Number of protein chains: 2
Amino acid sequence: MADVAALAGVSKATVSRVLSGAPGVSDETRTRIKALVKELSYVVSPDASRLSRRANGRIAVVMPHTTSWFFGAVLAGILPVLRDAGLDALVYQVADGREFFADLPAQRQVDAVIVVAFPVTGFERRQLDLLGVPVVVAGGALLDHPNVRIDDVAAARQAVTHLIRSGHDRIAMINAAVTPERPYSPPTDRLQGYRTALAGAGLPADPDLVVELPWSGTMGAHAMDRLLSLERPPTAVFGFSDEVAVGALRSLRRAGIPVPRAVSVVGIDDHPIAELCDLTTVRQPAEEQGTEAARLALSLLGGGDPPQNPHVTLPTHLVIRATTGPLDP
Amino acid sequence: MADVAALAGVSKATVSRVLSGAPGVSDETRTRIKALVKELSYVVSPDASRLSRRANGRIAVVMPHTTSWFFGAVLAGILPVLRDAGLDALVYQVADGREFFADLPAQRQVDAVIVVAFPVTGFERRQLDLLGVPVVVAGGALLDHPNVRIDDVAAARQAVTHLIRSGHDRIAMINAAVTPERPYSPPTDRLQGYRTALAGAGLPADPDLVVELPWSGTMGAHAMDRLLSLERPPTAVFGFSDEVAVGALRSLRRAGIPVPRAVSVVGIDDHPIAELCDLTTVRQPAEEQGTEAARLALSLLGGGDPPQNPHVTLPTHLVIRATTGPLDP
DNA sequence: CTGTTAGCGCTTTCAA
DNA sequence: TTGAAAGCGCTAACAG
């Protein structure tokens, strides 16, 4: 910048003003400097600028992994919002919750943290506080930090009610197992929604019909195998997610059981795979959760008023495709 | 840092030395300062440190989108490598190639750029040069920048040869359409692999059997519909990717055509969906491409010797599942 | 409107 | 072994 100033015969201050669009520079000088800057294709050093301005123009995005659709979609929702606000995104993949919370590499580097669907332990929560910046949560909740999520209980109810209305009365649920240390709420909430729906219809809750397995790509398939080995298998299955449901479909296909004639299957997400598999599901807006979370983060940063409603619940809705229907008599 | 120095009764210089592990500090002082630092839970400001040291400790990761499996997986491969090297990742999603290349928000912020499977135009290439930092490519190639990729021609050949060996002689390909401006090579290369394999087996190349459609979630399904309306439909289909192949499966299922008894289907990727759909495919290591690319980037940064081989080709291999087989007589 | 003067928080010679 | 001082490249008063 010193060079530019020298070549333009002005002070660094003036150049700085022009570059930051600050007022108080004559049009003549402004255009002259702008031209020079363009010619030299000069840009300010963001780091120096930030150092001087005491703000770092970056936001941390913390996610357990980046591979699955949901996280990619949330990220896709976050990035454009931050970009438009002139902020950069520092993405942290916290495989098993270690490095990020232990070393806090984001410390003094970010103005806010967006935690994506990450079950945060007590220790981690305290570490997060140490960062001293606003925390917002996408796809989950954490104390009363601002967050954006769906109503998991309601989503599950929508799915199961759909099955009930199709005339099913032996409805199973394949759920993701949750460990006590990792307070991940969707499995709990969706199970509750499942039970509520059954109870609401006056259906019994058969514990054999709830299979909980630790998450894995083929977990849905294994769980379905289990359900098929029951003396009285279910006629309908509600999967924790679309990936789980599609796994169940695989087992049914291998077993030669016609869907939905003999067994109906429904998931949650409206993952792209659902459309390809003709899977009935309950759609959750993933990208929008990212978008809204990013917006919340920005509003917290603005220093302005806190957001109107710091707890946003986005709606879910049933998407009926070809894997559910009445039992074939 | 000034505070720490004052409280310890030493100069900032000494504190800095301790914190950066530089030599020339007595053990006594060192431990004393370390204790104090811990107590105050003080950490250096990365920005100030970088400003002073003229290096920015960040790497840009540029991808067309973050939603699809491949990109998430590559990112998952990149992040841990950078983290271990103490570098942060600035992730840029370049929806339609605009902001990033036009504004170069990464300018003066990163020490290298990893471009992930992004078809870069001439203009964009020039903008990239403007950043003045090493560029490495994951999942593609760009001039002779270091890169990590698979051999698309070979991958396609593996897929098609498998079909030929199962006795098929009317083999279709569903390909992603590529526009002239966006020099995205996999479609071209995979088509070539397809043709090579056919020619190698002395099979004719029927132009009707190659359907090219612009990418979309259901593109494979639509393309399959097209193939099914041919007077003589194919008995086997090679999809550009697993998602395309699964789309084709959907059409076949809806049409009531048994797979693989009447039609075989094979894809490329070994996307998680492939396992769930029992899809035969050619596996490409996505995460590893990220890992290797990140390593290449680091080696370029080290200032040390350039990497042994700056052009890495990772192997692909057939994964046989249940969607391919001989024609049922 | 523009320049001068201090820093921002750290690293790094160069002396002591 | 330690400290003083001079920046890194920019912004932000405060004067003129």
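The chains referred to below are lettered A, B, ... by the order of the sequence lines, with proteins before strands, and numbering in each begins at 1. Since the model is a prediction, treat every value here as computed from it, not as a measurement.
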| query | Out of D:dC8, D:dC10, D:dT11, which nucleotide sits closest to the side chain of A:Ser45? | reply | D:dC10

| said: Any side-chain N or O of A:Ser49 below 4.0 angstrom from OP1/OP2 of D:dT11? | reply: yes

| query | Reckon B:Ser16 has a side-chain N or O less than 4.0 Å from the OP1 or OP2 of C:dT11? | reply | yes

| When rounded to the nearest 0.5 angstrom, what is the spacing between CZ in A:Arg295 and CG in A:Leu300? | 14.0 Å

| request: Choose from C:dG3, D:dT2, D:dC8 the nucleotide whose nearest atom is closest to any side-chain atom of A:Val10. | output: C:dG3

| message | So that I can tick it off, tell me whether B:Asp103 and A:Arg83 are bridged by a salt bridge, with the cut-off set at under 4.0 angstrom between side-chain N and carboxylate O. | response | no

| remark: Sorted by position of nearest nucleotide on DNA chain C, 5' first, the leading residue of A:Asp27 and A:Lys12 is A:Asp27

| request: Between D:dA12, D:dC10, C:dG9, spot the one nearest the side chain of B:Tyr42, thanks. | output: C:dG9

| To the nearest Å, how far apart are A:Leu51 CG and C:dC8 P? | 9 Å

| task | Nearest-nucleotide wise, let me know which of B:Arg53 and B:Arg17 is further upstream toward the 5' end of DNA chain D. | result | B:Arg17

| Given atom CG of B:Asp3 and atom P of C:dC8, what is their separation to the nearest angstrom? | 11 Å

| request: Find the distance between OH (A:Tyr92) and CG (B:Leu79) and round it off to the nearest 0.5 Å. | output: 10.5 Å

| Whole angstrom value for the distance that separates C1' of C:dC8 from CG of A:Asn56 | 12 Å

| Parallel, tilted or perpendicular: which describes the rings of A:Phe118 and A:Phe101, with under 30° parallel and over 60° perpendicular? | tilted

| task | For B:Arg30, answer base if it contacts any base atom (sugar-phosphate contacts may also be present), sugar-phosphate if it contacts only those atoms, and nothing otherwise; contact means non-hydrogen atoms under 4.0 Å. | result | nothing

| Going by an N to O cut-off under 4.0 Å, is there a salt bridge joining B:Arg58 and B:Asp47? | yes

| request: For A:Ser20, report the nucleic acid contact type (base, sugar-phosphate, nothing); a contact means any heavy atom under 4.0 Å. | output: nothing

| query | Would you say the base of D:dG7 and the side-chain of B:Ser52 have a donor-acceptor pair closer than 3.5 Å? | reply | yes

| Rounded interatomic separation in angstrom, taking CG from A:Asp47 and C1' from C:dT11 | 15 Å

| Counting side-chain heavy atoms from C-beta on, which of D:dC10, D:dG3, C:dT2 comes nearest to B:Arg108? | D:dC10

| note | Judged by nearest nucleotide, the residue sitting upstream toward the 5' end of DNA chain D, B:Ala13 or A:Ala48, is B:Ala13

| field | C:dG3 OP1/OP2 closer than 4.0 Å to side-chain N/O of A:Thr14 | value | yes

| note | To the nearest angstrom, the CD-P distance between A:Gln109 and C:dC10 comes to 13 Å

| Rounded to the nearest Å, what distance is computed from the CZ atom of residue A:Arg54 to the P atom of nucleotide D:dA13? | 10 Å

| request: For A:Val15, report the nucleic acid contact type (base, sugar-phosphate, nothing); a contact means any heavy atom under 4.0 Å. | output: nothing

| query | Between C:dT12, D:dC10, C:dC10, which one does the side chain of B:Val44 approach most closely? | reply | C:dC10

| request: When you get a sec, tell me which of C:dG9, C:dT2, D:dT1 is the closest nucleotide to the side chain of B:Ser26? | output: D:dT1

| said: When you measure from the side-chain N and O atoms of B:Arg50 to the phosphate of C:dG9, is any distance below 4.0 Å, counting only OP1 and OP2? | reply: no

| Can you tell me how far the OG1 atom of A:Thr121 sits from the CZ atom of A:Arg126, to the nearest 0.5 Å? | 7.5 Å

